[in-house]
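Indexing begins at 1, ligand by ligand and atom by atom, following the structure's order. As the structure is a prediction and not an experimental result, all values here were calculated from the model. Atom set for the values below is all heavy atoms of this structure, side chains included, hydrogens, waters and symmetry mates excluded.
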Amino acid sequence: MLIQDYNKANCSVKTFCRMCSYRCPIVVNIEQGKIKKISGDKDHPFNEGKLCVKGRAILDLVYSPERILKPLKKVDGKWQEIDLEVALREISQRMLSIKEKYGAKSIGVWKGESLDSTQGDLCRRFAFAFGTPNIFSNDTLCAVSKHAAVKSVIGSYPTSDFQDAKCIVIWGSNPLASHFPLYNKIKEARERGAKVILIDPRKNSFAKFADLYFPIKPATDGALALGIINIIIENKWYDQAFVKEHTIGFEELVQYAQKFNPRYVAEETGISQDDLYKISKTIADSAPHVTYRVGVGPEHHDNGFNNIRAIACIGALCGCTDRPGGDMLEEMPVLNSLLADLQDTIKEKLRPIGAEEYPVFYDNRLEGHSIRAMDAILEGQPYPLRGIILTGANPVLTNPNADKVEKALKSLDLFVVRDLFMTDTARLADYVLPAASFLERSEVIRGGMPQNISLTKKVLEFDSCQNEYQFWSSLAKKVGIGQYFPWKDEDDLNRWVIKPLGLSLEELAQKPEGYMYKAYNYEKFYENGFGTPSGKVEFSSDYLGKYGHKKLPVYRPAYYLRGKNKDQYKFILITGARQARFNHSCYHHIPRFKKAVPWPVMEIHPEDAAFLQVADGDLVEVTSAKGSLKVRLSIVGQDKILRGFLQIAHGFDEVNVNRITPDNILDPVSGFPAVKSVFVNVSKI
Ligand SMILES: Nc1nc2c(c(=O)[nH]1)N[C@H]1C(S)=C(S)[C@@H](COP(=O)(O)OP(=O)(O)OC[C@H]3O[C@@H](n4cnc5c(=O)[nH]c(N)nc54)[C@H](O)[C@@H]3O)O[C@H]1N2
Ligand SMILES: Nc1nc2c(c(=O)[nH]1)N[C@H]1C(S)=C(S)[C@@H](COP(=O)(O)OP(=O)(O)OC[C@H]3O[C@@H](n4cnc5c(=O)[nH]c(N)nc54)[C@H](O)[C@@H]3O)O[C@H]1N2
Ligand code: SF4
Ligand SMILES: [Mo]
């Protein structure tokens, strides 16, 4: 059924929630073109009808009275409504004049976390066709570091096989707040007898579902992982046949890991020698049915890349890779790619901002570094960046050093923002264009189940709210690259995307449970090897060595532990712990969410609070090298956070923690910023 038909009929449509990237299956009930109710799809095996608190607020998003429904242009500092066609024409003219003056690469395209899969690829396709390699995204802070780190060891990023797992190790993640469907799967695995281990400096809300919780000093996961490796090797608990046949660099790893004796590891991580032994033994006893999940916790430090590499080595050592109950290596569907015809041409000619400094990041994501983009805008180095078309992102709240982000974005010759709402980022733009929500588009997605793809349905439409396909294809025509968007409409594009599957769009649309393009096979390495340069698991990586990085997952203490500025600052601030109701800066406008959590609080240990002579709920000033922030305190339980460490969530506009996060302390391999180990002082107001 088409959107036109929904307008007339009373019907229910099966599609997917995209209030976060999990895409839980939903049923949308429509009466006369208006959505009356959305509920979880009980028939779908992925989540059996369960929705999280955000998934139950979809109507508050799509029908929010605060939505921008008309294109806006800033004239003399004030917003004026403008016709969509006129806005697109003006934007295209300004893009072309920037291109003429500075070259196409001076225009950047920026996409945020709310757009992925084909939606993200449309942005990339537009950029490449326009002739710029400068795509920026949330990926400068999200998942690329861990994906690249794990990929350097086992060749791709695994999916956890919770179904048969006997042990699940969670490093710096909170599935209850951030990964609702996984939380359900982990809970079920535990009911079947799996041991769940949580390693986190904060006893986060998931801890009550873990069998063992170990508080770790931030950014020391690498030392812990190498300590575990050392014990597993010394006791010969590793999978000797697997290591012999399928890995390289083992001898070097054995030698290096010897440095990580239990005493040193305990001192460095804060985890006792007994607990170190307990973690190692639990993993070894359950191997190969052990899977691990690395969250964003270990990523946001200046040594995260190698810490995560060390974590990945444990699973490989114990033979858990691509084995039942371990780390599954999914095979990707063969689909038509929106990038295949353009990517290589661009790659040969142009390097995006940040690619020279962070080539591992570039190799893994083929995009620019969004933090370095701010320097390019303000200083013109390595070349000027003068225009940005941004969609589905809010970097003033989500990139580090917000004052600098604002200053940079304000100084652009052209800044266009597409969003559903007037955000702190949109306020800086020359044009704000109303964007369609996920219910206003149809897209091909990888489902939550392995090797499964599905089609989401467009069930709603607002005039002037273009979806990504409509926007990029209409802008492409106006800047003279319309030939790269030959599809008649979104359905036509989706039809082309799935063509290699030998399945029609109509057939896919009729499979709300999705289409499993291939049955899952374990132990593919016997036949295909691993996706690394050598085809083996690489404990030592020549690829990383080639760029001047350490070949082994060498543990380098984070800057905050290395002593620099140690006397100047009293505390280390962790930022960005997820909250169930929000997705970064999203959904704060929903009145009942705003009422429940009006502002972020700063978590503090009771003894630190006593030392500062502050009480629960007090307003304090937190100061870092980048600025200061007034925030209310929450004195948490003795065992909830390590002494000397604090935590503030991100995404709140009035108390934007990224005003005080540094944009100049970055992991040398991945370029990820140390937003979870910020030196700060706290004073009472
Ligand atoms: N509700 C909600 N869900 C979300 C999101 C959201 O904004 N809201 N965002 C989505 C996105 S884009 C992402 S990337 C994911 C993130 O998902 P997760 O990685 O699960 O993020 P958090 O829930 O913040 O959990 C991170 C944990 O890491 C801990 N931590 C901090 N530093 C360290 C460290 O050095 N080592 C260890 N071991 N732990 C550390 C923190 O205390 C925190 O408990 O969530 C996704 N899901
Ligand atoms: N200090 C600190 N900073 C962090 C993190 C942290 O842990 N600590 N986490 C980082 C991580 S992992 C991530 S992923 C980033 C996220 O960074 P961003 O991607 O910038 O995050 P959002 O706040 O989700 O911004 C999404 C915007 O898209 C809009 N939007 C929603 N749906 C649509 C749509 O369908 N189309 C369009 N065009 N717009 C839409 C929303 O209204 C919102 O304004 O934040 C990062 N920032
Ligand atoms: S976890 Fe929640 S927000 Fe994310 S897709 Fe599922 S119901 Fe929607
Ligand atoms: Mo993220």
Legend entry - Salt bridge E440-R67, side-chain N to carboxylate O under 4.0 Å: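 Yes, charged N to carboxylate O under 4.0 Å.
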Inset, instruction - Look at K111 together with E367 and state whether they make a salt bridge at an N to O cut-off of under 4.0 Å. - result: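 Looking at K111 and E367, the cut-off is not met.
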Nearest neighbour in protein (non-hydrogen) for [atom]:
atom	result
atom 3 (N) of ligand 2	N658 ND2, 3.2 Å
atom 41 (C) of ligand 1	D200 OD1, 3.4 Å
atom 13 (C) of ligand 1	R578 NH2, 3.6 Å
atom 40 (C) of ligand 1	P201 CD, 3.3 Å
atom 38 (N) of ligand 2	T391 OG1, 2.9 Å
atom 2 (C) of ligand 1	F582 O, 3.1 Å
atom 43 (C) of ligand 2	D419 OD2, 3.4 Å
atom 36 (N) of ligand 1	D221 OD1, 2.8 Å
atom 45 (O) of ligand 2	T398 CB, 3.3 Å
atom 19 (O) of ligand 1	V296 N, 2.6 Å
atom 39 (N) of ligand 2	G392 CA, 3.2 Å

Legend entry - Neighbour count above 12 (heavy atom, 6.0 Å) for K50 NZ: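 Atom NZ in K50 is packed in, count exceeds 12.
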Where does [X] meet ligand 2, judged by heavy-atom distances below 4.0 Å: at the side chain, the backbone, both, or neither?
X	answer
T423	side chain
L397	neither
H300	side chain

Side-chain contact, heavy-atom cut-off 4.5 Å: [X] with [Y]?
X	Y	value
K203	I641	no
N658	N399	no
L573	I648	yes

Determine whether the side chains of [X] and [Y] contain a donor N or O and an acceptor N or O closer than 3.5 Å.
X	Y	value
Y469	E443	no
D221	N307	no
T118	D121	no

Out of all atoms in ligand 1, which are within 4.0 Å of some heavy atom of [X]? Include the element for each.
X	result
N204	44 (O)
P218	34 (C), 35 (O)
G295	19 (O)

Legend entry - Within 45° cone of F471 ring axis and under 6.0 Å: R418 NZ or CZ: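 Cation-pi check for R418 and F471: passes.
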Legend entry - side-chain contact (heavy atoms from CB on, under 4.5 Å) partner of W171, chosen from L198, L224, I197: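 Output: one option passes, namely L224.
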Inset, instruction - Determine the sole option in T140, V675, V405 for which the side-chain contact (heavy atoms from CB on, under 4.5 Å) test with P400 is passed. - result: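 Exactly one option meets the side-chain contact (heavy atoms from CB on, under 4.5 Å) with P400, and it is V675.
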Legend entry - Backbone or side-chain N or O of N399 under 3.5 Å from ligand 2 N or O: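 No, there is no polar N/O contact under 3.5 Å.
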Inset, instruction - Check whether any N or O atom of T661, backbone or side chain, sits under 3.5 Å from an N or O atom of ligand 2, and answer yes or no. - result: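 By distance alone, the answer is no.
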Inset, instruction - May I ask you to check if ligand 1 and Q579 share an N or O to N or O distance below 3.5 Å? - result: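 Indeed, backbone or side chain, Q579 has an N or O that close.
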Side chain, backbone, both or neither: which part of [X] comes within less than 4.0 Å of ligand 1 when only heavy atoms are counted?
X	answer
K54	side chain
S173	both
N174	both
A143	neither

Inset, instruction - Please work out whether any backbone atom (N, CA, C, O) or any side-chain heavy atom from C-beta onward of R23 is under 4.0 Å from ligand 3, and answer side chain, backbone, both or neither. - result: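 For R23, only backbone atoms sit under 4.0 Å from ligand 3.
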Short question: side chain of [X], backbone of [Y] - any donor-acceptor pair under 3.5 Å?
X	Y	answer
R556	D302	yes
T269	I271	yes
K146	V294	yes
K54	Y587	no

Legend entry - Within-shell test, Q647 vs ligand 1, heavy atom, strictly < 4.0 Å: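 Flag not set, Q647 not near ligand 1.
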Inset, instruction - Could you tell me whether ligand 1 has any atom less than 4.0 Å away from a heavy atom of C20? - result: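 Per 4.0 Å heavy-atom rule, C20 does not contact ligand 1.
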Tell me which one of [options] gets a heavy atom nearest to [atom].
atom	options	answer
atom 46 (C) of ligand 1	C52, S21, S178	S178
atom 14 (S) of ligand 2	V657, N138, I660, N656	N138
atom 35 (O) of ligand 2	M19, M422, R18, R441	R441
atom 34 (C) of ligand 2	G576, G112, A436, A435	A436

Inset, instruction - List in chain and number order the residues that pass ring-ring contact (aromatic ring centres under 6.0 Å, His included) with F593, two or more places apart in sequence or in another chain; answer none if no residue qualifies. - result: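 F593 satisfies ring-ring contact (aromatic ring centres under 6.0 Å, His included) with no other residue.
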Legend entry - Atoms in ligand 2 with a heavy atom of K676 nearer than 4.0 Å: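 Those atoms are 6 (C), 7 (O).
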Inset, instruction - Take atom 2 (Fe) of ligand 3 and tell me which protein N, O or S atoms are nearer than 2.8 Å. - result: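 Sorted hits: C52 SG.
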Inset, instruction - Report the distance from atom CD1 of I199 to atom OH of Y292, rounding to the nearest 0.5 Å. - result: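 Reported value, rounded in 0.5 Å steps: 12.5 Å.
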Inset, instruction - Classify the angle between the aromatic ring planes of H147 and Y157 as parallel (below 30°), tilted (30 to 60°) or perpendicular (above 60°). - result: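 Plane angle between 30° and 60°, so tilted.
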Inset, instruction - Determine the interplanar angle of the F582 and F652 rings, folded into 0 to 90°, and report it as parallel if under 30°, tilted if 30 to 60°, perpendicular if over 60°. - result: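 Ring orientation of F582 relative to F652: perpendicular.
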